[in-house]
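A short write-up of the structure that comes next.
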Amino acid sequence: MTVRVRFAPSPTGELHIGGVRTALFNWLFARNQGGKMILRIDDTDQQRSSDKFLQTILDSMEWLGLDWDEGPRKDGEFGPYFQTQRLPIYQEEVQKLLDSGKAYYCFCSAEELAKQKERNAQKGLPPRYSGACRNLSPQEIEEKKKTCRSFVIRLRVPEEGVTVVNDLIRGRVTFENKIFDDFIIVKSDGFPTYNFASAIDDAKMKITHVIRAEEHLSNTPRQQIICRQLGIPIPVYAHVPMILAPDHSKLSKRHGATSVQEYRDMGILPEALINYLALLGWSPGGDREIMTIEEMISLFSLEKVGKNASIYDLKKLTWLNSHYLRTKEKSIIGEMAVPFLQKKKLISGVQTEEDRKYIEKVVDLVREKVKTLQEIADASEFFFSENFPYDQAEVAKHFGREGAELVIKEIIKALQEVEPFQKETINLKLKNLGKSLNLPLSKINIPARLALTGRTMGPELLEIMVLLGKEKVIERLKKAEALCQKA
RNA sequence: GGCCCCUUCGUCUAAUCGGUUAGGACACCAGCCUUUCAAGCUGGCAGCAGGGGUUCAAAUCCCCUAGGGGUCACCA
C-alpha cells in the first residue's frame, strides 16, 4: 500500500511556523516513503475562512518548496480538495448515521447550551451536553423541525468502553468513552464540524498516515468513534510535538514573527527556514545540523521525532540563514536580493545585464557580514546611491581630529595616481602612503572607509574601492575633505 | 476542574540491549587570525525537574510528587 499523507490547513490565517513544520514532516515522510502528499483545505468555518489566506498559504508552501501531489492548483483523483465542495459526501454519511440511529437531531439553542454549561461549571462538573434531544420520538422531531429555526446533528457516543489511539510517536493512548458527550457533527449552517469532515475525508482520500500537531491528540478518539460508527478505516496517527513561543506559551501574533510570510519579508531563505524547522522536534541522530533537502528526505523517520514540545529560537534560525547566505551560489543570492534592493529604492524595476553583474558583485561582497537578505540591502546602500547616511559619531571622531583633512588630501593625491585602479595597485599605494606619512595603515583606511561608505565597518576596503571605481572614490573623498573643514 | 501528553545545558538536541569524563549546535565569554566589522579556527561556561524503588550498575526500567503543555466549541 502506498503511503498517502495530507496537510489540511484552514484558510483562517497565514501559515505559521507550527503549521509549516507539520507540513514539512508530512512532506518529508511522503518523500521518504515514496508516497503521496495531499493538500486539503479545511474551510468549513464560513465566518473566518478567506480566499486571501488561502492564497498566502499556497504561496508560502510553494516558496518553501513543499509541493503536493494532489490538492488546490493541482487536482487529483480524490477531489475536490476543498471541504466546502464536498458537502454531498458528508450529507450522505450523515444520512446513514441518522437512519441507523447512530446520530440524532438536536434542537437545543446555543443560549440554552451556554446556560447549561455555566450551571455545570458552577457545580464543578465538566461542561457537557445534557442529552436533552437524545431520545426524541419521530413525531417530536417532526414537530420541532417546524417550530425551531435551526438544529444541529449530534453523534450518539457509546457510554461504555474505551477508545485506544495507537500513535506512532506516543504509543498507545487510552481514553474512557464516558468522558465524551454526544458531540456535534453537523452545524446549524449545514456544514460538518472539523472532526466529522476530517474523519470522512481522511478515509475517502485513502490517507494512510495522519501526521498533525499534538493539540489534536485529544480529538483523535472522537474521530475514531466516528470512523467506527461509519465503518470506515482508521488511519495510522502520529502526533508531533507543538512549537511554543519563547515564553513557553502557545504561539500567537504577539510573539513577533510567526508566519512564513514575515520570515520571507525579513530576508530569511527558504532552505534556512526548512532546515531550522526540521531540527525542531526531529533529529537525524548524531551531530547532523546543516542538511540539504535531499539529505533530510533520506534521513527522515517518524520514529526519530521527539515527544516534547520545543521552543523556537530566532537566533539559531538567523545563524542558519547566514550560513546559507554565505554558501549558496552568488548568482542566486544576487537574484534573491533584488526585491529587497528595490524595496529600498536602491535599484529600479528593470535591470540590464550590466546592472545584474554589478548587483551580484555587491551582494557577494556584502553577504559575508550579514544574516538576512534585508541586511544585505541595508549594508549595500552606498554602492547604489550617493545619498547614503554618515555615522555622525564616527565622523566627529575621525574627521574632527587634528590633521584629518591632511590625511584625506594625501589619500586623494595618492589614489589619483593609481593606474590601473585595482586591488594590488591601490594596496601598494596606500601602504607606501602609510610609510611616508609615518602612520599605521588603520589611520588611513578607517577615514577612507568612512568617506566612501559612511561607516567604519563593512567589507574589505580595497574591494569596495574597485567596485565603486576611481571616479566615485575620489569624488566621495573630496566630499569628506569638506566635512573635515566643518568638523 | 476532568481527561490526555510531556520533562537532558538559557534554547534545539545526541546518547543501539541499563555501564559515556553525559556528546553536538545556537547563544554567551576568551584567545588566535585580521587593514575595520564579520566569518573562520581554538578553548571556556552550562544540563539528566525532585523523591522513592528495581539492579552489581539507572539520563535510560517502575512508582509518586512537582512543573509545563494540550483538550473538553455550531474553530480547526
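Chain identifiers are assigned alphabetically (A, B, ...) following the order of the sequence lines, protein sequences preceding nucleic acid strands; residue numbering begins at 1 within each chain.
A:Asn219 comes within 4.0 angstrom of a nucleotide base, judged by non-hydrogen atoms across all strands. Within 4.0 Å of A:Glu460, counting heavy atoms only, lies at least one base atom of the nucleic acid. Base engagement by A:Arg449 is indicated by at least one non-hydrogen atom pair under 4.0 Å involving a base atom. If you check every strand for non-hydrogen atoms under 4.0 Å, A:Lys304 touches sugar and phosphate atoms only. Here A:Leu462 lies in heavy-atom contact (under 4.0 Å) with a base. Across all strands, A:Gly281 comes closer than 4.0 Å only to sugar-phosphate atoms, never to a base (heavy-atom distances). Note on A:Cys108: a base of the nucleic acid sits closer than 4.0 angstrom, heavy atoms only. The residue A:Phe175 sits close only to the backbone: its heavy atoms come under 4.0 Å of sugar-phosphate atoms, none of a base. Residue-level contact check: A:Thr456 touches the bases, meaning some heavy atom is under 4.0 Å from a base atom. Contacts of A:Ser198 with the nucleic acid, taken as non-hydrogen atoms under 4.0 Å apart, are absent. If you check every strand for non-hydrogen atoms under 4.0 Å, A:Ser150 touches nothing. A:Ser10 comes within 4.0 angstrom of sugar-phosphate atoms only, judged by non-hydrogen atoms across all strands, and of no base. At the heavy-atom level, A:Ser188 lies under 4.0 Å from base atoms of the strands shown. Using a 4.0 Å heavy-atom criterion, one finds that A:Arg48 contacts the bases of the nucleic acid, with or without backbone contacts as well.
B:rA49 and B:rU60: their P atoms are spaced 8 Å apart (whole Å). A distance of about 25 Å separates the P atoms of B:rC63 and B:rU13, rounded to the whole Å. Nucleotides B:rG44 and B:rC26 are separated by 16 Å at their C1' atoms, to the nearest Å. Annotation: B:rG52 and B:rA59 have their P atoms spaced 14 Å apart (nearest Å). Across the P atoms, B:rC72 and B:rA76 are found 11 Å apart, a figure rounded to whole Å. A distance of about 36 Å separates the C1' atoms of B:rG1 and B:rA58, rounded to the whole Å. If you take atom C1' in B:rC62 and the same atom in B:rU55, they sit 12 Å apart, rounded to whole Å.
One donor-acceptor pair, N or O on each side, does fall under 3.5 Å between the base of B:rC37 and the side chain of A:Lys369. Donor-acceptor pairing under 3.5 Å, judged by distance alone, is present between the side chain of A:Glu289 and the base of B:rG24.
A:Thr220 is listed as a side-chain neighbour of A:Arg212, based on a closest heavy-atom distance under 4.5 Å. Looking at A:Arg476 and A:Leu468, their side chains come closer than 4.5 Å, going by heavy atoms from C-beta outward.
Residue A:Val173 has its side chain nearest to B:rC5 when only B:rU7, B:rC26, B:rC5 are considered. Here the side chain of A:Thr44 is nearest to one of B:rC12, B:rA76, B:rG69, namely B:rA76. Relative to the side chain of A:Met242, the nucleotides B:rA25, B:rC6, B:rG70 differ in distance, and B:rG70 lies closest. Nearest to the side-chain atoms of A:Lys250 among the listed nucleotides B:rC26, B:rA73, B:rG70 stands B:rG70. Of all nucleotides listed (B:rC37, B:rU35, B:rC12), B:rC12 comes nearest to the side chain of A:Ile311. The side chain of A:Lys307 lies closest to B:rC6 when the candidates are B:rC12, B:rC26, B:rC6. Taking the side chain of A:Leu280 as heavy atoms from C-beta on, and the options B:rU71, B:rC12, B:rC5, the nearest nucleotide is B:rC12. Distance from the side chain of A:Asp287 is smallest for B:rG24 among the nucleotides B:rC12, B:rG24, B:rC72. Among the nucleotides B:rC5, B:rC3, B:rG24, the one closest to any side-chain atom of A:Lys316 is B:rG24. Of the candidate nucleotides B:rU13, B:rA76, B:rU11, B:rA76 has the atom nearest to the side chain of A:Tyr194.
A:His239 and A:Tyr237 have parallel rings, their planes meeting at less than 30° on a 0 to 90° scale where 60° marks the start of perpendicular.
Salt bridge status for A:Arg40 with A:Asp202: present, with a side-chain N to carboxylate O gap under 4.0 Å.
Between the NZ atom of A:Lys397 and the C1' atom of B:rU36 there is a distance of 11 Å, given to the nearest Å. Between the C1' atom of B:rA14 and the CG atom of A:Leu299 lies a distance of 14 Å, rounded to the nearest Å. For the pair A:Ile200 CD1 and B:rA76 P, the computed distance is 14 Å after rounding to whole Å. Between A:Leu217 atom CG and B:rC4 atom P there is a gap of 11 Å when expressed in whole angstrom units. One can place CD1 of A:Ile243 at 13 Å from C1' of B:rU11, the figure rounded to the nearest angstrom.
Not less than 6.0 angstrom separates the ring centroid of A:His398 from the ring centroid of A:Tyr390. The aromatic ring centroids of A:Phe25 and A:Phe300 lie less than 6.0 Å from each other.
Mapping A:Gly285 and A:Arg154 onto RNA chain B via the closest heavy atom, the residue that lands nearer the 5' end is A:Gly285. Sequence order on RNA chain B of the closest nucleotides to A:Asn195 and A:Trp282 puts A:Trp282 first from the 5' end.
Contact check, A:Lys187 against B:rA76: a side-chain N or O comes under 4.0 Å of OP1 or OP2.
Of all non-hydrogen atoms in A:Ala337 and A:Val363, the two that sit nearest each other are CB-CG2, 3.8 Å.
For A:Lys145 and A:Tyr105, the positive end sits near the middle of the six-membered ring, less than 6.0 Å away and at most 45° from its axis.
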